[in-house]
Colleague: 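Provided herewith is a single structure, encoded as structure tokens, for subsequent inquiry.
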Amino acid sequence: MIKYFKTIKDVVGSIMIVEDIEDVGVGELALIVDQNGNERNGKVLELVENKAIVELFDSSNNMDISKSKIRFLGKGLEVGVSKDMLGRVFNGLGIPRDGGPKIIPDKFLDVNMGPINPVARDYPEQFIQTGISSIDGLNTLVRGQKLPIFSASGLPHNLLASQIVRQAKVLGDNEQFAIVFVAMGISNDDATFFMEDFKKTGAIKNTVSVINLASESSVERISAPRIGLTIAEYLAYELDMQVLVVMTDITNYAESLREISSARDEIPARRGYPGYMYTDFASLYERAGKIKGKKGSITQIPILTMPDDDKTHPIPDLTGYITEGQIMLSRDLFKKGIYPPIDVLSSLSRLKDKGIGEGKTKAYHSDLLNQMFYAYSRGKNAKNLATILGENAISNMDKNYVKFANNFEEKFVCQGEYENRTIDETLNIAWSLLKEFPRSELKRIKDKHLDILLEEK
Amino acid sequence: MQGKIIKVSGALVVADNMVGAKLFDVCLVSDKKLVGEIIEIHGSKASIEVYENTDGLKLGDVVENTQKPLSIKLGPGLIGNVLDGIGRSLKNIYESVGDRIKTGVDAQTLNEEKKWKFTPLKKLNDEVCEGQVLGSVLESQIITHKILVPQGVFGKITQIKRGEFNINDVVVKIKTKNQFVNVCLSSFWPIRIKRPIKKKIEVSQPITTGQRVIDTFFPLARGGVAAIPGPFGSGKTVVQHQLAKWCDADVVVYVGCGERGNEMTDVLNEFPTLIDPKTNRPLMEKTILVANTSDMPVAAREASIYTGITIAEYYRDMGYNVIVMADSTSRWAEALREMSGRLEEIPGEEGYPAYLGSRLASFYERAGNVLTLGGENASVSCVGAVSPQGGDLSEPVSQATLRIVKVFWGLSSSLAYKRHFPAIDWLISYSSYVPNLKGFYQNNLSYDFLERKNYVMKILQEEKELDDVVSLMGFDVLGDKDKTTLLIAQIIREDYLHQNAFDETDTFSSLKKQDKMLKCICEFAKLAYMAVESGKVYEQILSIPSRSLIGKMKYIKEDELEKIDTIISQISSDFLSLNSKEEEE
């Protein structure tokens, strides 16, 4: 027998209080039927004495609580998964929004799977070639990593993300590849951009899209990435696919967290964001990875726009503490017309050391990248000095470094939107820039590697 | 009598009908038997912090009070193990429930079946007192696990066995004044209570870490406490891992508190393959991991650092020097904040509870160089990483930590951007242990090691001042002496302080190597200054051929250290020929 409660007492924003409830569990889904018979979805957040605090996934507009009723479904949010989801578009609750037929699920999965036991994890160390020099050469992405793009409004993060999606591959490997695209609170234009791009390149048939537009419910925005990641886990761990999850825009997601937190009267931490934001972010990002004995993997590229270009803002800050590095976009480079405007000095891939080297890329890759970082950083410093004091005030060697820094930005970082460089091409460009220096300056390259480089090229 | 749930809010569960409950009693919540701890009592109601995901709990679910504080089972088998925040073995959890950690899993800390060979060291009828060693078990090739007389027990041995036993078998019986005490290979200890010692003693020995910037400039003492604050990407975790790998502590307890899952996996994969330079055995044979990754329940994060330090104290009591790494204490503080918010306490700064500082202090106070109950000198040292938001050290957790610790390794993102690792900023870091360690340095290294260290640090300070000048007026306005100072500072930074954790030789420098390298650099500096004073110009110093050899020093292997002496003599002869060349002209 289905039991409805007609005891809805309060509604504040998306939060609703139901009294005199029985046999209701925390985290359970609820179905609300309003005075006109329209259905809305919700979830139990808290239980206090005889009350349940329910969060609505849809808006609470136009609801007469005295005439509405609610029933609890006895289970948490689940998503029915199937291979047929590839090529389809869903909303933040996992319901098709592309007008296509219903999905006949292979099975239902809880969207909040338990944490992966660290003992069960397999360490990510397979090099992914993105074809983008500043990533492959200096901030290498590996399979199973979570590497966010820290962008800001107006910068071409969408272009970069779609280029990565287009070009990313593991060398010498023909495994099945899938993309899960999660859009949270983005504009219709941005969503269309990605969808069109996936269509143009044919990637769409391997893509599952979960889209929650800016105009849609902010509670659904919280569930969208969980739906997407659950589908990704199904594809990776049950269908053995290599899954790349692109999530945009984490900033919108965090705004929704704050909105809901303040509706619940919680004590805020920094800048009004809830104190559990770190844990909440971790429950998304930590779902990237590889599991022992499973063929598939989940690699995440979350995109976030830093409010006011400030990377100390809680959203990029907490993200950076969880993810394995970051790709930082720079407005200065963008203004200079350099695409992709990746600021390699503040970017970082924590897993790069395991993904590069002999048998993966080149034995001297690590030395080469350390030397590049050093030279570019010194060149940039010298350039700053030269702008204050004039060209002549800096030493001859520093002039060489300035020249290097300019060449580095123009030849190494800068590349076409459709230019797909192999790792060999990337490292060749790197060496062609570095070899201009006398050998005594190349301190970070080991002698045995220098000998090989000088001989080879 | 069973309690009934009347409120569920995140990790906080309130149960009624809990008469007789005590603070910090462990409760089993609902028929899933989720583990929780009582943190507040109001009349018959108790607030319980639950260490697992509370989804699915219902009002009216039963709560069972075990009447015991949160304890961990200590015994052989801890070494090489990975535990979660409340001391359950993650390997056992993996074997029983698979890839993901499910709620309500009942997993033991130790292997209950495994037989260990117990070798008694006392005889029948021996009089024993608390803390004395009764016998031992070879836990790993490098750790002998000593079985001690429990705290508060004084008496005569009435039975002592020899042979193979599991951890719950009684191996020794002791008759005290009024009772018999059974001792088995394992025992329980409540994690929030510090294990007793005879007394604390002053620190006098360093922990060598093989990291030049730490050992030479900002050393940590055995029994000392250090903090590593730094923004993300500045290499906190790499420094922590390097310390865990190379420090000369007997036992390493690594607490991954709210950090990345892959980092724990990295440690799990890498440590068994790395060889401890002191014992030539795999590092895992002296390491214990406590892992509460960021996606694991937040409440257990709060408990994880106590679990870690309790294990450390347990090994200390056997006479070992133990180091605890907590990465990161900020996540622990956030867990405190989250619970405080749910308890509706009045928040202090940035939402953190007002008792943050005292909790942190009482944690760090458990470290120290001590005389154990058994009369041995042993220590627990503690290194806590701090993750200040936005790298801003004025935030509450950093400030509360800085008030307690004696060593501060400040990481700087500008060094990290230049890929200068370890990115420990020498201008802001400090160690208050140097005076305590003076004797050690004088007995074990060159007599003027400390002088050289100060000399080099002075040059680095001068570099900072000169840099300010250069950035305003350019390099050319400097005199030859100042230019030389900048050159030497560059050598110190790049050839000494910079250390590549991923290079097989450079990743570890013994104190002896550090001593020689420092000597070499000081030699160059002194000769260069002398040359400038006698009228040579900067370009001449720059042209000294052996200058490039200094950069190769870090790659010299530990068994070929005499090569550094060759470089030193090379430098002397180069300067000599610089002087003589001039004379010829």
Side-chain angles (χ1 to χ4, degrees), chain A residues 21 23-28 46-50 76 112-124 266-270 275-276 278-279 282-283 286-287 289 291 312-314 317 320-322 324-326 345-346 348 351 353 366 370 373-374 377 385 388-389 393-395 440 443 446, chain B residues 5-10 53-59 82 90-91 93-94 98-103 232-233 258 260-262 264-266 268-269 291 293-296 298 331 334 337-338 341 347 350-351 387 389-392 417-419 470-476 494 500 502 548 551 555:
Chain A
I21 43 118
D23 200 29
V24 173
V26 171
E28 227 173 86
E46 255 181 55
L47 297 169
V48 185
E49 279 147 19
N50 62 347
N112 292 311
M113 300 265 248
I116 301 175
N117 190 331
V119 174
R121 279 184 189 268
D122 205 359
Y123 199 74
E266 290 171 336
I267 295 168
R270 247 174 102 209
Y276 52 79
Y278 178 81
T279 310
S283 71
E286 279 291 328
R287 290 171 81 166
I291 292 183
T312 66
H313 185 280
D317 192 56
Y321 276 122
I322 306 165
E324 283 137 350
Q326 67 278 339
L345 293 181
S346 50
L348 170 74
L351 302 184
D353 299 288
S366 169
N370 282 329
F373 275 122
Y374 174 79
S377 143
L385 219 61
I388 303 172
L389 303 163
I394 60 173
S395 71
S440 60
K443 272 197 211 169
K446 280 194 214 91
Chain B
I5 295 181
I6 55 165
K7 178 180 173 174
V8 186
S9 164
N53 192 333
T54 54
D55 274 3
L57 292 185
K58 293 176 176 175
L59 295 175
V82 200
L90 285 170
K91 284 180 181 164
I93 293 180
Y94 179 54
D99 300 337
R100 287 170 191 272
I101 300 165
K102 307 209 165 58
T103 51
F232 65 82
R260 305 174 182 91
N262 276 332
M264 294 320 291
T265 313
D266 188 21
L268 281 174
N269 288 348
T293 58
S294 56
D295 54 341
M296 288 190 192
V298 67
R331 305 297 160 230
E334 281 166 14
R337 174 168 72 184
E338 197 171 328
E350 285 193 22
S387 316
Q389 296 219 345
D392 171 15
Y417 290 168
K418 290 179 197 151
R419 298 309 189 258
V470 171
S471 61
L472 284 175
M473 325 198 16
F475 183 73
D476 284 343
E494 291 176 11
N500 187 350
F502 298 97
S548 66
Y555 302 113

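To find a chain, count down the sequence lines: A is the first, B the second, and so on, and within it residues start at 1. The model shown is predicted, which means the values in this text are computed figures rather than measured ones.
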Colleague: Who wins among A:Val24, A:Asn50, A:Ile388, A:Leu385 for the most heavy-atom pairs under 4.5 Å with chain B?
Modeller: A:Val24
Colleague: So which residue, A:Asp23, A:Asn112, A:Leu348, ends up with the most heavy-atom pairs under 4.5 Å with chain B?
Modeller: A:Asp23
Colleague: Does A:Asp353 have any side chain to side chain contact (heavy atoms under 4.5 Å, CB included) partners at least two apart in sequence or in another chain, and if so, which?
Modeller: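 Here the qualifying residues are B:Phe502.
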Colleague: Counting heavy-atom pairs closer than 4.5 Å to chain B, which one of A:Val119, A:Leu47, A:Thr279 comes out on top?
Modeller: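 Option with the top pair count is A:Leu47.
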Colleague: Go through the atoms of B:Glu334 and report whether side chain, backbone, both or neither lie under 4.5 Å from a heavy atom of chain A.
Modeller: side chain
Colleague: Can you say whether B:Leu268 sits under 4.5 Å from chain A via the side chain, the backbone, both, or neither, judging by heavy atoms?
Modeller: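 When you check distances to chain A, only side chain atoms of B:Leu268 fall under 4.5 Å.
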Colleague: Please classify the contact of B:Leu472 with chain A as side chain, backbone, both or neither, using a heavy-atom distance under 4.5 Å.
Modeller: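 Only the backbone of B:Leu472 comes within 4.5 Å of chain A.
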Colleague: Contact part of B:Arg419 toward chain A, heavy-atom cut-off under 4.5 Å: side chain, backbone, both or neither?
Modeller: both
Colleague: By a 4.5 Å heavy-atom criterion (distance strictly below it), what part of B:Asp392 contacts chain A: side chain, backbone, both, or neither?
Modeller: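 Neither; nothing under 4.5 Å.
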Colleague: When you check the gap from the basic side-chain N to the acidic O, do B:Arg331 and B:Glu338 get nearer than 4.0 Å?
Modeller: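 No.
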Colleague: Under a 4.5 Å heavy-atom cut-off, does chain A meet the side chain of B:Asn269, its backbone, both or neither?
Modeller: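 For B:Asn269, side-chain heavy atoms alone lie under 4.5 Å from chain A.
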Colleague: Taking A:Lys443's backbone N and O only, do any of them form a donor-acceptor pair with A:Tyr374's side chain (distance below 3.5 Å, no angle check)?
Modeller: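 Judged by distance alone, no pair lies under 3.5 Å.
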Colleague: Heavy-atom distances under 4.5 Å only: say whether B:Lys102 touches chain A with side chain, backbone, both or neither.
Modeller: neither
Colleague: In chain order, what residues pass the side chain to side chain donor-acceptor pair (under 3.5 Å) check against A:Glu46, with sequence neighbours excluded?
Modeller: A:Arg264, B:Ser9
Colleague: Can you find a side-chain donor-acceptor pair between A:Glu266 and A:Tyr276 that sits under 3.5 Å?
Modeller: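 Short answer, yes.
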Colleague: Checking A:Ser377 against chain B: side chain, backbone, both or neither under 4.5 Å from a heavy atom?
Modeller: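 The side chain, not the backbone.
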